[in-house]
Each structure stands twice: as structure tokens, then as C-alpha cells.
Protein chains: 2
Amino acid sequence: MGRVRIVDVARRAGVSSATVSRVLANKPYVRPELRQRVLAAAQELGYRPSRVARTLRTQRARIIGLLISDIENPFFTSLVRAVEDVAYAHDYAVFLCNTDENPEKEQLYLDLMVAERVTGVLISPTREQGVDCQGLQQAQIPLVAVDRRLRDRRVDTVVVDNVGGARRLVEHLLDDGYREIGAILPPPTITSGRERYQGLWEALHHRGLEPRSAWIRTGPPVQAEGYRLAREILGRHPRPQALFVGNNLLTMGALRAIRDLGLSIPGDVALVAFDDMDWMALVNPGLTVMAQPTYELGRAAAELLLRRLEDPDRPVEEVLLTPELRIRQSCAPHLGAGRPRGEVRASGQG
Amino acid sequence: MGRVRIVDVARRAGVSSATVSRVLANKPYVRPELRQRVLAAAQELGYRPSRVARTLRTQRARIIGLLISDIENPFFTSLVRAVEDVAYAHDYAVFLCNTDENPEKEQLYLDLMVAERVTGVLISPTREQGVDCQGLQQAQIPLVAVDRRLRDRRVDTVVVDNVGGARRLVEHLLDDGYREIGAILPPPTITSGRERYQGLWEALHHRGLEPRSAWIRTGPPVQAEGYRLAREILGRHPRPQALFVGNNLLTMGALRAIRDLGLSIPGDVALVAFDDMDWMALVNPGLTVMAQPTYELGRAAAELLLRRLEDPDRPVEEVLLTPELRIRQSCAPHLGAGRPRGEVRASGQG
DNA sequence: ACTGGAGCTGAAATCGATTTCAGTCGATTT
DNA sequence: AAATCGACTGAAATCGATTTCAGCTCCAGT
């Protein structure tokens, strides 16, 4: 029961509530004997301090704000679960906000975080810059960016190696003989989008190829956009032999488009994608993907925040996690070497 | 900013904080003129009352506890999102707890709800009975069951028509000519599992058939169990021509098993399942499913709770939502009518 | 022996709201 | 003219913790 108040413990231990508070907060200046008595009394009564009263007095709630785009996206679901696990273990509550990729909603919630005086904030920002963190700074509320970076390099950050991951994925396409490669990516205003494009570029360039802009499209990471862009790219003549999709929702949209266009994978078009989800092993063919360690991402971010809270002056840290290539069947060795590859760029139209 | 306190508003309006409180709570006994002044002052200062202080004084936090089995299950994700939307709109926060289908964890969290003095609790119980709600009752914290029922009929409940849905789904199999039907279901200790079995039974019985117990297995609604049970059923001789799977995670497991066994759908075995998920339309063949209105489920539950809070004496209500049959390709007309159907039961071995 | 300081303790202030209670004012009743 | 009542208002108590501040004891240093 939560009925027991601090004065009840104090009475039972024969001390004042001040002493009880000191003992429970592990503060010095309490005789060991009293400390024992208080601890015993608290134990016996099953005392649990009221967070509400504590928060009112200290002006700081044990709450971690978590701003993500959408909890219905399994990528974030797993991340959220990790944050909650860590938070609960340290007696923090989590205040979850869905920004829906909408900067205004994001700002609204950020202001709310200040008003609610949360202890710290984890954010997967809708864009790299323009996010107003003045309020947080003034209120001395630490911020950790997760999954996507912020322009401001003074914030702790946890991200995956998007450049390397994308590069590896595209290299896998190249190794299988594909040269005419299209891509659907999140926009460059989101760091993960830009970095994945960078990885694509590096992979191609390393083999003396150039990205074909007519086959490369970017858009908000939502399913509808993936569908639209895939239809656009695959409706062109000529169309690419392979597609690199840079986000799980875009992938789902692209798959729908490919189905509706009556194309087969990997025969008509090969596919590699960023992010793995349970079902991607079950579709036919299974998708070759770069799996992100989503749970780890959330865990690392939450732990980074807690460390920052413990020591506000520690140097800014950036954690870089490595994604994992999972090879399935959506990309098989391609036999088309008869055609002169040197013309790929020359025949470009965009 | 949240810097403005009630006394600031009071000072600005030239009244006491008591009057401000009365105005903002819409209580009587305030001169209309003062009311206006207070409202104006509050508006100008952008006053937002501190929930912390309010909670301490009223001994009631504006928090809705939400106990589900696992936020990583998309079924619940959507439900959670609905609850949060409704809650936020009414200035409630949501306290989310993952029970992981573990009754002990569930009980722990229920006790925590009491300790935290939440306003109300939404629960998708791990089992029908044995859930100890004494604490909640004593603390007068209302409870709403969602997705699954509780034995105690005095609690408000929001569920889908599991019997009807399962029956409709199995009838669809029967209409396509299948007679030898296996099933993988959640256990009868969970009401949805029992009800879906009931639906199966009704559908069969209505056509003069009996369920074949050798082909019917139940287990905790997790993927691994779906895999295990599907292998078990499909490894038998003879094996059923069709499978009815009663839960999304079980379905995912079953699909893996079918793949690993090298069976094709619907050629070797047809499949219908409860619950729809985005990817079920994308696998090949697309799955014929009974889609549950998950968002609606959450919304209805949250709203029911709010209504109960407004009027604690209103009669207990049960909301029954209707699932929707989505026909895809995992179950096609079956041609095997040459075989005498009357022997189906006679040839049973379990 | 006196001073200073460290160790320890509890009374009381504090956080920001709600709510009780006592009281004022003006109109109506007796 | 006094009593009564209803409408209205604000001072102060209250929720349960933390923290300040003042005071006490005891011991070391001069």
C-alpha cells in the first residue's frame, strides 16, 4: 500500500521526518544506529515515498520525455520498450510523445517537456536543424538525440552507422552484378536519410559508377510515400535493375508498388532495404536487409541520459552502433554482364 | 513557459488564489466580472496549473494505467496509440506497463497502480480469473477490461466478437470446400482463446462436423509457440488441409513452420487467421484474416473509462466491436469433394 | 578553561495547487 | 430595526516530501 507517509516512518523510528529523508537519500550526518532504526522502520511499514510530493518540493519530476515520430512504427516500438525498461529500472517514468514527423507537434511537445519539468529528454528529431531547444537549455534539462543527429554537436547522440550500413548494402547489390541501381530514401533534412545517400554514393563511386538521379527519390519516411516513389521510379524507361530502400515504412510502400506493378523480385527488380522487421523473413522472397539494433539504440540512449544526469559536466558523447547485414533472397546474382556497363551513365536522362 | 504560478494570476487579476482556483475549476460563487478578470489574466500570462501540486492536494493523479502484455506486439501498439490519443485530449497521462503475459508481473503493476494513485486502469488481463483487484476496489480506482474479459462481470469491458469472428472465418474455410481443419489457439484461460474455439466449434457443428482434437492445439500467444504447435500439427499423418490460427503472433510462428516444412499455401495447407497486420497483405500468398479494429478497441476502452470516472454509478457497460473479414489468397476453393466427407470423423485418431 | 568546529538532529519553511472556514455585504423577511 | 439568508471572497490549512537553519553535544587545540 502507498498509505504510509514519511512521518509514520519517523514516528516508528523515534526520529523526525528530516532524519528519515536524510537516511533514505543516503546523506551524511546521521548516526549509524539511527540509520539502522529508520531503515528497519521503513522496511517494516513498506514505505514508498510519494513521487508527487517529492517532485513538488524538488521541482524535478523523475520523468524521461521521449519524442519519436510514431509508436506504431515497429522500429520505434522496440526502441521505446528499451527506454522504458531502463527507465523503470532506475525509478523513472517515461512520457511518450508521437510527433508524426511534424515539426510543429515536435515543438509543442518540447515546450510541454519544459512545462512539466521532466528530468531529461530523448528525441529522434524530425529534422536536423530548426529545433528550438532554448527552453530545455534554460531549464537545464539534458537532451539526447537518438537514431537521428541534431546539427548542434553539443548534445549526446546515439546513432547507427548509416553511411557504412548503406554502403555495405549497396556493395552487396554490386557484388551480385547489379549496376543500374535506384533508391528511395528519407529526405536529406533527416540525417539518417543524408547519411544513407552518402553510403550509396560511396559504394557506387568506389566502383567508378555515378548515381542516376532519375532513379533516386527522397520523401518523408511513410508508407504512402514509399508506394508513390517506387511507382514513379519503376514506371520509368529504362527502369533500374535493383532498388535500395532506406527505411522500413518506405520499404513496405515499395513492396506494395512492386506487387501492383506486377513485377517480380529479384527477377524484374532486386531489392535491398534498411531496417529489418519480423515479417521481412516471411515474405516471398525474403528481403535482404541491414538490420538496425533498435533495442540497443534505445537502451544506449537511455543510459547515456542517465549518465549525463549523474554528471552534467562529462564530455559530450556519441555512440555509434553497427547494423547487421542479413542476406535473404530479394537480391540474387544478376546475369546481364553482356551489356556494356560503361554506358550506364551516358544513357541517363535526369 | 510553466513559470507562472496561480498567485501570479491572482495578483494580476487583483484577487486571491482561491478565487482563481474557483474560476478555473468552473465553480460557482464568483462574480461574473471577477471571473472575466481572472480568465483574462490567466490567458495573458499563459498560466498552466502544475499537475504536481494539484495531484498532491487532491490525492488523485490524472493518470491512466494501461496494462498490456507487450507493446512490441503491433496489435497492442495500435491500441496503446488510441488510448494515448484519448488520454492526452482529456489532459491525462498514460502509465504503460508490459506484463509479458506473466501474472506475477501483472499483479506487481496492479499494486503499483494503487500506490501511484492513478485515476483509472485499463487492462488486457493475462487470465480470466485470479487477478486480485482488491487494492483497486479499496482505493476506488475504476477498471476497464479491454480485448479480454474478466470473470468478474461488474467491470466495464470492451471486446471484439471473437465467437462470431472465428465462426465466420471457419465458415469461409468450409465454403471453400475444406473439411479437415486444424487450429492453433490461445489457451482457454484467456477469454479470447476460449471464444475463438467456441466459434470454431459452432461453425463445424452447424455443418455436422466435429473438431478433431489431434489437430487442435493451444498455447501462450507468442511466436515460438505458434511455430512449435504448427510443426506438431502439420507433422502428423494425416495432416489437416487447412489451419485456423487464432492470434497474430501464433500466425507468424505458424508461417515460419510452414516455410521450414516446405509446405505451400494454400496448396498443401490453407490458412486463415485472426488479426490483420500490414505485412499480411504483402506475403505471398496474402493471408485471409479476420481484422480486429485495434485502434477502436483502445479508443472505446479509454472513453468508457472516462465516462465511468465522470459518473461512478452508471450501469456496467460492455462494448462489443465487430471484426472484419479480409479475403486474400491463403485460402482458395478446395477441390477434393470426391472423397466421402462422412468419414472425416470416423478416421479421427485423437 | 575557553573557543571553534565537526557531527548530528529536529522545527519549520517550502513547493503550488485545492478547499475549508470565517466573514463581509446587500437584500429580504419579521 | 433587527434578524436572516444567500452570494461572494480571501486567509489559512492542507497534501508529503526536501532542505534550511538553528541549536545541541562532544572533542581538539590553544
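Here is how names work: the chains are called A, B, and so on, in the same order as the sequence lines, proteins then strands, and each is numbered from 1. Hydrogens, waters and symmetry mates play no part in the numbers below; they use all other heavy atoms, side chains included. The structure displayed is predicted, hence computed values, not measured ones.
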Do D311(B) and R307(B) meet the salt-bridge criterion of a basic N to acidic O distance under 4.0 Å?
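Salt bridge absent between R307(B) and D311(B).
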
Pick base, sugar-phosphate or nothing for S21(A), based on heavy-atom distances below 4.0 Å to the nucleic acid.
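If one applies the 4.0 Å heavy-atom cut-off, S21(A) turns out to touch a base.
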
Determine the contact category for S50(A): base if any of its heavy atoms lies under 4.0 Å from a base atom, sugar-phosphate if only primed atoms, P, OP1 or OP2 are that close, otherwise nothing.
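Sugar-phosphate, backbone atoms only, no base.
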
side-chain hydrogen bond (donor to acceptor under 3.5 Å, both in side chains) against R153(B), all qualifying residues, sequence neighbours excluded:
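None.
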
Under the side-chain hydrogen bond (donor to acceptor under 3.5 Å, both in side chains) test, residues paired with E296(A) that sit two or more places apart:
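Checked E296(A) against side-chain hydrogen bond (donor to acceptor under 3.5 Å, both in side chains); matches are R299(A).
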
Starting at atom [atom1] of [X], determine the distance to atom [atom2] of [N], rounded to an integer number of angstrom.
X      : N       : atom1 : atom2 : value
R11(B) : dG16(C) : CZ    : P     : 12 Å
R54(B) : dG16(D) : CZ    : C1'   : 18 Å
Q59(A) : dA17(C) : CD    : C1'   : 12 Å
R62(A) : dT18(D) : CZ    : P     : 11 Å
I6(B)  : dT18(C) : CD1   : C1'   : 8 Å
E33(B) : dA7(D)  : CD    : P     : 18 Å
R51(A) : dT18(D) : CZ    : P     : 13 Å
R35(A) : dG10(C) : CZ    : P     : 13 Å

Looking at residues 23-31 of chain B, who's got a heavy atom less than 4.0 Å off DNA chain D?
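Correct list: Y29(B), V30(B), R31(B).
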
Pair T157(B), E318(B): side-chain N/O donor-acceptor within cut-off below 3.5 Å
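Short answer, no.
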
Is there a donor in the side chain of E101(B) and an acceptor in the side chain of T126(B), or the other way round, less than 3.5 Å apart?
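T126(B) and E101(B) do not have a side-chain donor-acceptor pair below 3.5 Å.
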
Between the base of dT14(C) and the side chain of R57(A), is there a donor-acceptor distance below 3.5 Å?
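Yes, a donor-acceptor pair under 3.5 Å.
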
Taking only the side-chain nitrogens and oxygens of Y47(B), find out if one of them lies under 4.0 Å from OP1 or OP2 of dA17(C).
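Yes, because at least one side-chain N or O of Y47(B) sits under 4.0 Å from OP1 or OP2 of dA17(C).
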
Using the 3.5 Å cut-off, write out each protein N or O paired with an N or O of nucleotides 10-12 of chain D and the distance between them.
from    : atom 1 : to     : atom 2 : distance (Å)
dG10(D) : OP2    : S16(B) : N      : 3.2
dG10(D) : OP2    : T19(B) : OG1    : 2.7
dG10(D) : N7     : R22(B) : NH2    : 2.7
dG10(D) : O6     : R22(B) : NH1    : 3.4
dG10(D) : O6     : R22(B) : NH2    : 3.4

Apply side chain to side chain contact (heavy atoms under 4.5 Å, CB included) to S78(B) and list each qualifying residue two or more places apart in sequence or on a separate chain.
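Only E72(A), T294(B), Y295(B) meet the side chain to side chain contact (heavy atoms under 4.5 Å, CB included) criterion with S78(B).
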
To the nearest 10 degrees, what angle separates the axes at the start and end of the helix from dA1(C)-dT30(D) to dT30(C)-dA1(D), five pairs each?
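About 60°, once rounded to a multiple of 10°.
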
Measure the spacing between OG1 of T191(A) and CD of Q129(A) and express it to the nearest 0.5 Å.
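Output value for this atom pair is 11.5 Å.
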
Please step through salt bridge (Lys or Arg N to Asp or Glu O under 4.0 Å) for the pair E44(A) and R12(A), ending with a clear verdict.
CA-CA 10 Å; E44(A) 286 160 25; R12(A) 175 136 188 163; 2.5 Å; yes

